[in-house]
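Structure first, commentary second.
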Amino acid sequence: MAVPLAAPPPQTRRVRRSYRGWQFVGPFMVVFTLVFLAPIAYAIYLSLYRNRLIGGNAFVGLDNYTQALQDAQFWSGVGRVGLFLIVQVPVMLFLALLVALALDSGRLYGKSFFRVSIFLPYAVPAVVAALMWGFIYGSQFGLIGNLNDALGISLPDPLKPSLILASIGNITTWTFIGYNMLIFYSALQVVPKSLYESAEIDGAGQFRVIRSIKLPAIRGALVIATIFSIIGSFQLFNEPAILRNLAPNAITTYFTPNFYAYSLTFSGQQINYSAAIAVVMAVITMIVAYVVQLRGTKDL
């Protein structure tokens with residue numbers, strides 16, 4: 001009995017790998033590495049060293065991080081921006097949402113004018129905005145001082161220590177209401193009109209439409225705006241740096257963590273410790289933003 005010959009194994013065709021995709025993403029990856037990854041890696045590298053009087057720049061491991069975690073001035077700045085975040089961000093986002101809903105309602109005359117006018121402060125550079133508001137706040141030379149002289153009254157000084165954080169919050173709110181309004185307004189524009197028609201047939205009023213249709217529909221945009229605002233709050237730097245010249249008694253060198261790191265670098269010549277401060281703040285910001293993202297996108 002003849003034994004049937006086994007069938008020859010199928011010939012495997014060698015898959016030719018194509019690198020054409022990397023030709024498109026390669027330039028971006030190069031720029032991303034140079035302007036994002038490389039500075040982070042260099043900051044971490046600097047944070048592991050310390051410049052000593054004897055021996056020069058020496059490796060100290062995590063000593064700079066231990067010092068940062070025990071630094072009362074650093075945590076004072078963190079607490080200050082935390083308070084700023086808790087108070088200013090909800091106020092700013094609520095006002096931006098209110099404006100976006102008003103523009104989307106179709107009952108506001110001159111909608112294009114109001115949309116551009118509210119967004120316009122965002123086009124003003126942060127340094128210019130801080131300088132402008134700083135001179136408005138001046139009780140000796142600015143608008144507050146002129147009102148005191150003209151009306152014979154004594155308005156509170158916005159640049160005194162107890163009010164300086166609220167004054168900075170006002171500048172930030174004025175600047176970023178338009179930016180967040182545009183995020184919310186753009187999200188509202190893609191809500192299906194059929195939902196509004198169904199709600200109108202069911203006899204739902206405007207507040208019910210807002211609560212049951214509009215707010216759930218733009219929940220993703222609300223989360224994004226909140227995360228951006230949290231990151232911006234922890235990065236607070238321009239306003240304190242500019243206003244410090246006008247209110248030196250109210251703004252210390254450790255007023256915010258970023259300003260503290262800047263002062264350590266350029267005034268205290270503590271580059272390595274400043275890098276450790278920056279890395280710690282980056283981790284704190286990342287953790288808070290991630291927690292907010294998880295809570296905000298839950299059940300989406």
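In this structure, the side chains of Ile144 and Asp157 stay at 4.5 Å or more apart for every pair of heavy atoms. Counting heavy atoms from C-beta on, the side chains of Phe36 and Val31 never come closer than 4.5 Å. Annotation: side chain of Val78 is not in contact with side chain of Tyr260 (no heavy-atom distance under 4.5 Å). By the 4.5 Å heavy-atom criterion applied to side chains, Thr226 and Leu93 are counted as neighbours. Taking 4.5 Å as the limit, every side-chain heavy atom of Val81 sits out of range of all side-chain heavy atoms of Ser233. Residues Arg80 and Leu236 have side chains not in contact (no heavy-atom distance under 4.5 Å, counting atoms from C-beta outward). A heavy-atom distance below 4.5 Å is found between the side chains of Leu48 and Tyr65.
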### Task
Would you check, one step at a time, whether the test side-chain contact (heavy atoms from CB on, under 4.5 Å) holds for Asn272 with Val60?
CA-CA 10 Å; Asn272 303 106; Val60 294; over 6 Å; no
### Task
I would like to know whether Ile168 and Phe255 meet side-chain contact (heavy atoms from CB on, under 4.5 Å); could you show each step before the answer?
CA-CA 12 Å; Ile168 293 175; Phe255 189 79; 3.7 Å; yes
### Task
Kindly indicate, with the supporting measurements, whether the criterion side-chain contact (heavy atoms from CB on, under 4.5 Å) is fulfilled by Val99 and Tyr185.
CA-CA 9 Å; Val99 174; Tyr185 182 72; over 6 Å; no
### Message
Trp22 vs Val25, test: side-chain contact (heavy atoms from CB on, under 4.5 Å). Steps then yes/no.
### Response
CA-CA 5 Å; Trp22 284 103; Val25 301; 3.6 Å; yes
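Under a hydrophobic clustering in which Ile, Leu, Val, Met, Phe, Trp and Tyr are joined whenever their side-chain heavy atoms come within less than 4.5 Å, directly or via other members, Phe113 and Tyr122 fall into the same cluster. Both Ile44 and Leu37 sit in one connected hydrophobic cluster of ILVMFWY residues. Membership requires side-chain heavy atoms under 4.5 Å apart, directly or through other members. Leu120 and Leu95 are assigned to two separate hydrophobic clusters, defined by single-linkage of ILVMFWY side chains at heavy-atom distances under 4.5 Å. Hydrophobic cluster membership is shared by Tyr137 and Met132, with clusters built from Ile, Leu, Val, Met, Phe, Trp and Tyr side chains linked at under 4.5 angstrom. Connection of Leu155 to Leu165 is established within a shared hydrophobic cluster, with ILVMFWY side chains joined at heavy-atom distances below 4.5 Å, either directly or through further cluster members.
The heavy-atom pair separating Ala187 from Val190 by the smallest distance is O-CG2, 3.1 Å. Taking all atoms of both residues into account, the shortest heavy-atom contact from Asn180 to Ala225 is OD1-CB, 3.5 Å. Taking all atoms of both residues into account, the shortest heavy-atom contact from Ala68 to Trp75 is O-NE1, 3.6 Å. The two atoms that bring Pro158 and Ser167 nearest to each other are O-OG, 2.6 Å, heavy atoms only. Here the closest heavy-atom approach between residue Pro161 and residue Asn249 is recorded as CG-O, 4.0 Å. Scanning both residues, Ala130 and Leu243, for their nearest heavy atoms gives O-CD2, 3.7 Å.
Between atom CD of residue Gln88 and atom CG of residue Asn170 there is a gap of 9.5 Å, rounded to the nearest 0.5 Å. Atom CZ in Phe184 sits 10.0 Å away from atom CD1 in Ile224 (nearest 0.5 Å). To the nearest 0.5 angstrom, Leu159 atom CG is 5.0 Å from Ile164 atom CD1. Here the CG-CG distance, from Leu97 to Leu101, works out to 4.5 Å after rounding to the nearest 0.5 Å. Atom NZ of Lys214 is separated from atom CG of Asp104 by 4.0 Å, given to the nearest 0.5 angstrom. Taking CG of Asn51 as the start and CD of Gln269 as the end, the distance is 9.5 Å to the nearest 0.5 Å.
Between the Thr285 side chain and the Met281 main chain, a donor and an acceptor come within less than 3.5 Å of each other. Of the possible polar contacts, one joining the Asn64 side chain to the Ser47 backbone as a donor-acceptor pair under 3.5 Å is found. With Ser274 contributing its side chain and Gln270 its backbone, the two residues share no donor-acceptor pair below 3.5 Å. In this structure, the side chain of Asn258 engages the main chain of Gln235 through a donor-acceptor pair within 3.5 Å. When atom types are taken as modelled, the side chain of Arg50 and the backbone of Tyr273 share no donor-acceptor pair closer than 3.5 angstrom.
Side-chain contact, Ser263 with Thr253: no donor N or O sits under 3.5 Å from an acceptor N or O. Counting only N and O atoms by type, the side chains of Asp71 and Tyr254 include no donor and acceptor under 3.5 Å apart.
Shown here is Phe228, whose CZ atom has no more than 12 heavy atoms of other residues, nucleotides or ligands within 6.0 Å. Remark: Phe59 CZ is packed, more than 12 non-hydrogen atoms of other residues, nucleotides or ligands lying under 6.0 Å away. Within a 6.0 Å radius of OH in Tyr262, no more than 12 heavy atoms belonging to other residues, nucleotides or ligands are found. The number of heavy-atom neighbours closer than 6.0 Å to CZ of Phe32, taken from other residues, nucleotides and ligands shown, is above 12.
A ring-centre distance under 6.0 Å is found for Tyr49 and Tyr45.
When the options Leu264, Ile251, Asn238 are evaluated for a side chain to side chain contact (heavy atoms under 4.5 Å, CB included) with Phe259, the one that passes is Ile251.
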